[in-house]
Structure formats: C-alpha cells, structure tokens
Amino acid sequence: MNERTTAESRPDAALVARARAGDEDALNQLVRRHNEVAYRVALGVVKDPDRAADAVQDAWIKAVRGLAGFRGDSRFRTWFLSIVVNEARGALRRAARRREQDLEELPEPVSGAPAPDRRVVLRSEVERALVLLDSLPEKQRLSVKLRLQEGLSFREVGEAIGSSEGAARVNYHHGIHRLREMMQECND
Amino acid sequence: MQRLTCDAVRDRLPELARGEVDQDEAHRLRNHLHGCGECAGVWEIVRLVNSAPPVRAPEGLEERMARAARGALKERRGGGSGAGADTGPSRRRRVPSWGLAAAAGVVLALGTPLLIQRMQAPMAGSMDSASVAGDAVAMEVQELLPSAYVSDDPVVAGAPVFDGLSDEALVALLEEMGG
C-alpha cells in the first residue's frame with residue numbers, strides 16, 4: 001500500500017503543482033484520474049446520480065480554488081475526497097430541507113444495486129451485499145466503501161470522511177459486522 | 001513467527017482481496033482464516049463487496065467536470081468566468097484597493113474625535129441617575145477616608161474599593177453615609 005501510495009502520489013504532486021500554475025492539461029489529467037472515484041463516493045452519500053454529479057462538480061470547483069492551500073501532507077485523492085464528501089453532505093442537507101418544504105418522496109437509492117424496496121429477486125449475493133451496504137449509517141457505509149472498494153487506508157478514510165483514523169477503523173469494522181449480520185438474517 | 005491476532009488479520013483482508021499482499025503474508029492470513037470461523041465470516045463479506053463491479057460515472061461526466069474545473073482555474077487566474085464554472089454563489093465584486101483605503105480613512109476621521117470626546121467628557125448626558133449618585137458617594141468617601149482607594153471611573157464609582165480598611169473605619173463610613 002505504501003509503495004502504491006508513493007508511486008501514485010508522485011505524479012499527482014507534479015500535476016497539482018502544474019495545475020496550481022495554471023496548466024489546464026495537468027488539471028484535465030487530475031480530473032481523469034480522480035473523477036470516477038469522486039462520483040462513487042458522492043453517490044455513496046447522496047444515493048442519487050444527479051445530486052452526486054452536482055456535488056462532484058462543486059467539489060472540483062472548490063478544489064481548484066483551494067489548490068494553493070493543498071499542502072501535500074496527504075495524497076491529493078484523499079484531500080479531494082474530503083471536499084467531495086463535504087459537498088455531498090451539503091447537497092443531502094439541502095435536499096432534505098427541500099423535501100420538508102415540498103413533501104416530496106425520498107429518491108430511490110441508486111448505487112449500482114437494486115433499491116431495497118423494489119420487489120426483485122436479487123440474483124446474487126453480491127447484489128444483496130451492495131443493497132445492504134447502502135442501508136448502513138453514513139460513516140459505516142463510507143468507511144466500508146472507501147476501504148474495500150477504493151483501497152484507502154484507515155488514515156485516509158478518516159481524512160476523507162472527517163474523522164480520526166481510529167474512528168474510521170471502528171466504523172469500518174462495525175459496518176462489516178452489521179453487514180454480516182444482515183446477510184445472515186437474509187439467509188435465515 | 002508471531003501469531004496473528006484477529007484484529008490484525010481483519011485489517012489486512014481488503015489488501016488480501018485485492019491481491020496486494022506478498023505470498024508470505026497471504027499464506028499467513030489464509031492459514032488464520034482456515035482456523036478462525038469469525039474471521040472467515042468477515043472474509044466472506046470483504047470478498048463479496050470487493051468483487052462488485054465498480055459503479056461507472058455517467059457518460060460525459062468527466063468532460064463536464066473538466067470544463068467546470070478549467071472554468072474555476074481561469075477565474076483563479078483572473079481571466080474571467082469560464083464555461084461551466086461557478087454553479088454556486090461565487091461571484092465576487094472587485095473593490096479597488098484605493099477604495100478600501102479611502103473607506104478606512106473616513107472611519108478614522110469620523111470615529112476618532114467621537115472616541116476622544118467620550119473619553120474626556122464626564123458623560124453627563126448619558127449617565128443614568130445611579131452613576132451620578134455613585135460619583136457623589138465616591139467623592140464623599142474619598143474626603144472621609146483618604147486612604148481608601150476609590151476608582152476614578154464614574155461607571156465604577158458607585159462601588160468604591162476599600163483595600164485594607166479596618167472594621168471600625170468601615171462602620172464609621174457607613175454611619176456617615178447614613179446606612
């Protein structure tokens with residue numbers, strides 16, 4: 001993990017420096033590298049593709065404006081994902097306020113897995129696991145997704161979701177434990 | 001070789017699922033999983049989640065994001081707003097630097113005399129009756145007991161501070177004040 005982190009960080013650091021100096025090509029490369037994971041993480045928070053896309057766009061804009069403040073203590077990806085999570089949470093809060101005002105129904109969660117309230121036969125255990133993963137509380141859900149699906153260390157997970165490394169580890173293990181319990185309940 | 005704890009094993013299962021551990025570590029982890037039902041159960045969940053195909057971003061999203069990012073970069077360079085930038089409340093009004101200096105000067109010019117006036121004047125017009133009475137008491141106390149420390153501040157003067165007064169002196173003061 002350390003070697004991969006270092007190898008990925010070096011090119012990112014160079015791109016960040018060039019982007020900071022106004023190099024649009026470097027910025028395009030950063031977007032190409034990190035946009036997919038940013039979208040998945042945002043989707044993990046807001047569970048709505050359009051809101052996820054908007055949150056990621058706002059995050060890119062904020063990141064570009066804040067490039068001067070990125071000190072390089074962490075990987076660019078980790079720093080950027082923390083911005084994405086914040087923007088996604090903000091989008092969720094705004095959506096909740098609008099729903100209270102408009103009395104709209106909750107959007108169906110979309111995260112690459114069938115929604116839990118749809119009467120469909122889940123063809124595989126993987127599908128079932130993803131559906132149940134989406135039902136976990138936010139920090140457990142994000143900790144599991146960032147650790148398992150995006151390969152972040154516990155320290156990086158903590159940075160991305162705004163908690164300590166220890167809390168990220170606890171959230172991850174609780175999330176896995178709860179997921180396992182729910183899978184067993186489904187099988188019973 | 002040190003025996004692996006369950007916590008240590010479970011921490012490394014994501015790396016095992018992604019094939020990011022060396023052969024030796026993989027061997028030790030799998031040995032543990034063979035002998036530990038709990039960790040084997042956790043491994044099953046890790047393997048399931050890890051095997052899910054990654055969610056792809058919608059078609060065209062990358063280009064949209066790149067456009068927004070370039071727009072923000074242009075704005076940062078002072079080149080005006082770029083296409084797709086600023087979806088949020090980000091417009092800034094540019095105030096010339098001379099304007100800020102002029103505003104500061106006006107504040108100082110108007111505020112300084114007012115401040116000095118407040119400091120020098122006895123605040124007769126603004127003092128309430130309690131403050132005026134307190135000031136008179138302070139003066140009376142100072143005449144009776146010159147050793148007593150009395151604050152010059154008319155706001156505080158309602159409550160003179162007696163440092164080191166004896167009980168007898170205090171009683172005498174109170175009798176003089178009619179208390």
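This one's a predicted model, so the numbers in the text were calculated from it and none came from an experiment. Residue numbering restarts at 1 for every chain, and letters A, B, ... go by the order of the sequence lines.
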Residues A:Arg65, B:Glu75: salt bridge by 4.0 Å N-O rule: yes
Shortest non-hydrogen separation from B:Glu62 to A:Asn35 and the atoms involved: CA-ND2, 3.7 Å
Donor-acceptor contact below 3.5 Å, side chain B:Arg18 vs main chain A:Leu148: yes
Largest heavy-atom contact set with chain B, pairs under 4.5 Å, which of A:His177, A:Arg32, A:Met183: A:Arg32
More than 12 heavy atoms from other groups under 6.0 Å of CD on B:Gln23: no
Minimum heavy-atom distance between A:Tyr39 and B:Ala57, given as atom pair plus value: CD2-CA, 3.6 Å
Chain A contact via B:Glu38 - which portion, at a heavy-atom distance below 4.5 Å: both
Interface moiety of A:Asp25 toward chain B, non-hydrogen atoms closer than 4.5 Å: neither
With A:Arg71 via side chain to side chain donor-acceptor pair (under 3.5 Å) - residues at least two apart: A:Asp73
Rounded distance (nearest 0.5 Å) linking atom CE of B:Met65 with atom CD1 of A:Ile61: 8.5 Å
B:Pro54 and A:Glu36, any side-chain heavy atoms less than 4.5 Å apart: no
Value rounded to 0.5 Å, distance of CZ in B:Arg10 from CZ in A:Arg169: 13.0 Å
Shared hydrophobic cluster for A:Leu142 and A:Val170 (ILVMFWY, side-chain gaps under 4.5 Å): no
Options B:Ser51, B:Pro58, B:Ala17, ranked by heavy-atom pairs under 4.5 Å with chain A, top entry: B:Pro58
Max heavy-atom pair count under 4.5 Å with chain B, selected residue of A:Leu27, A:Val56, A:Val64: A:Val64
Structural part of B:Arg47 lying under 4.5 Å from a heavy atom of chain A: neither
Option among B:Val42, B:Leu48, B:Ile45 that satisfies the side chain to side chain contact (heavy atoms under 4.5 Å, CB included) test with A:Leu179: B:Ile45
Least distance between heavy atoms, A:Ala53 atom then B:Arg64 atom: CB-NH1, 3.7 Å
Ion pair check, B:Asp11 and A:Arg147, cut-off under 4.0 Å: no
Minimum heavy-atom distance between B:Ala66 and A:Asn28, given as atom pair plus value: CB-OD1, 3.7 Å
Closest heavy-atom pair and its distance - B:Leu73, A:Glu24: CD2-CG, 3.8 Å
Chain B contact via A:Ala19 - side chain, backbone, both or neither, heavy atoms under 4.5 Å: backbone
Heavy-atom closest contact (A:Gln57 atom, B:Ala68 atom, distance): CG-CB, 3.6 Å
